[in-house]
Amino acid sequence: VMPVADAVLDGLSALAELSDTAALAPRIVFVTHSIPVDMDEASGTDGHAYTRQHLAVADAVGDLVSRRLGRSPGWDLVYCSRSGSPRQAWLEPDIGDYLLDQAKIGVTGVVVVPIGFISDHMEVVHDLDTEAATFADRLGLAFVRAATVGTHPLFVAGLADLIGERAAQARGSRCGPGRWDGRCRGLRWRCWIRSPARRSRPETRASSACAWRRSTRPARHWGDRWV
């Protein structure tokens, strides 16, 4: 969440340099890959997990951006890279249709955020940087594409935490939730040795299991650990 929020804020600053008017009421456009509607309906145990998870992350990013800015720019979730049979329903709106609708209602600038992509591959460089940007220019919309998370240190650290958590669980160890957004700043990780004699005794060396708790001391940096 934090790396994406950083990218959004950078994008808003770039938009302000392009157009003073667009910066007054920018629209944040979160973009992810479209999939068939029936696939979304079947995703997750209760269905629609694909859209629900994207909306949850977009909402968390939007909230963090709003708190940093002191105001709440509007945002939407849209889709790109539709393929397959035109008779099969896919998730909408497509980013092109969305940009057209926004231009019709008087929006003058957008920050496009590829929230469903982690690197600048074809769907980003072609579908967004080329097709969507060219279409926005034709519509008279100021267009900025926010950076993907790529190798942002917080994103990479989050992946490392998740891998460590899953590995510990696979070994039958206890491990805390692998959350990696701003809410993790107050968390510390303590490693524990699991032995037949004393399974809950904290040690001063690394072990295969991790338990977590909230620390009363502020973290020196994200991902602080006790070992």
Run the numbers on V78 and D94 for side-chain contact (heavy atoms from CB on, under 4.5 Å), then give the verdict. CA-CA 6 Å; V78 307; D94 176 78; over 6 Å; no

Please give me the minimum heavy-atom distance between [X] and [Y], naming the atom from each residue.
| X | Y | value |
| --- | --- | --- |
| L139 | A103 | CB-CB, 4.1 Å |
| P73 | V65 | CG-CG1, 4.3 Å |
| L64 | A5 | CD2-CB, 3.6 Å |
| A136 | F143 | CB-CD1, 3.6 Å |
| V111 | A146 | CG1-CB, 4.2 Å |

Pick one: which of H33, H121, R145 meets side chain to side chain contact (heavy atoms under 4.5 Å, CB included) with P114?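 Answer to the side chain to side chain contact (heavy atoms under 4.5 Å, CB included) test with P114 among H33, H121, R145: R145.
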
Can you measure from [atom1] ([X]) to [atom2] ([Y]) and round to the nearest 0.5 angstrom?
| X | Y | atom1 | atom2 | result |
| --- | --- | --- | --- | --- |
| F155 | M2 | CZ | CE | 14.5 Å |
| R71 | S66 | CZ | OG | 9.0 Å |
| D40 | W90 | CG | CH2 | 12.0 Å |
| T108 | L15 | OG1 | CG | 7.5 Å |
| C80 | L91 | SG | CG | 11.5 Å |
| S81 | E123 | OG | CD | 4.0 Å |

In the structure I gave you, are the side-chain heavy atoms of [X] and [Y] within less than 4.5 Å of one another anywhere?
| X | Y | result |
| --- | --- | --- |
| F135 | L141 | no |
| L12 | L69 | yes |
| L128 | I95 | yes |
| H54 | F30 | no |
| V110 | P26 | no |
| T32 | Y79 | yes |
| Y98 | V31 | no |
| D46 | R52 | yes |

Return yes if a side-chain donor-acceptor contact under 3.5 Å exists between H126 and E131, otherwise no.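 Yes - a donor-acceptor pair under 3.5 Å links their side chains.
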
Quick check: is [Y] connected to [X] through a chain of hydrophobic side chains (ILVMFWY, heavy atoms under 4.5 Å apart)?
| X | Y | answer |
| --- | --- | --- |
| V125 | V113 | no |
| I105 | L100 | yes |
| V61 | F117 | no |
| L99 | I28 | no |
| V112 | V4 | no |

Are V37 and Q88 close enough, and set up right, to give a side-chain contact (heavy atoms from CB on, under 4.5 Å), and what steps lead you there? CA-CA 8 Å; V37 170; Q88 184 179 31; over 6 Å; no

Worked check of side-chain contact (heavy atoms from CB on, under 4.5 Å) between V29 and W75: CA-CA 6 Å; V29 188; W75 63 266; over 6 Å; no

Treating S19 as the side-chain partner and A142 as the backbone partner, does any N or O pair qualify as donor plus acceptor under 3.5 Å?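 Checked: no pair found.
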
With side-chain contact (heavy atoms from CB on, under 4.5 Å) as the test, would you mind laying out the steps for R67 and D63 before giving the verdict? CA-CA 6 Å; R67 286 189 277 120; D63 180 65; 3.1 Å; yes

Tell me which pairs pass salt bridge (Lys or Arg N to Asp or Glu O under 4.0 Å) where either residue lies in residues 14-23, with sequence neighbours left out.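 Non-adjacent pairs meeting salt bridge (Lys or Arg N to Asp or Glu O under 4.0 Å): zero.
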
CZ of R138: more than 12 outside heavy atoms within 6.0 angstrom?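 No, CZ of R138 has 12 or fewer neighbouring heavy atoms, counting only those of other groups under 6.0 Å.
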
Between R68 and D6, does any NZ, NE, NH1 or NH2 come within less than 4.0 Å of an OD or OE carboxylate oxygen?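 Yes, charged N to carboxylate O under 4.0 Å.
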
With a 4.0 Å cut-off, would you call D76 and R27 a salt bridge?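 Result for this pair is yes, salt bridge flagged.
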
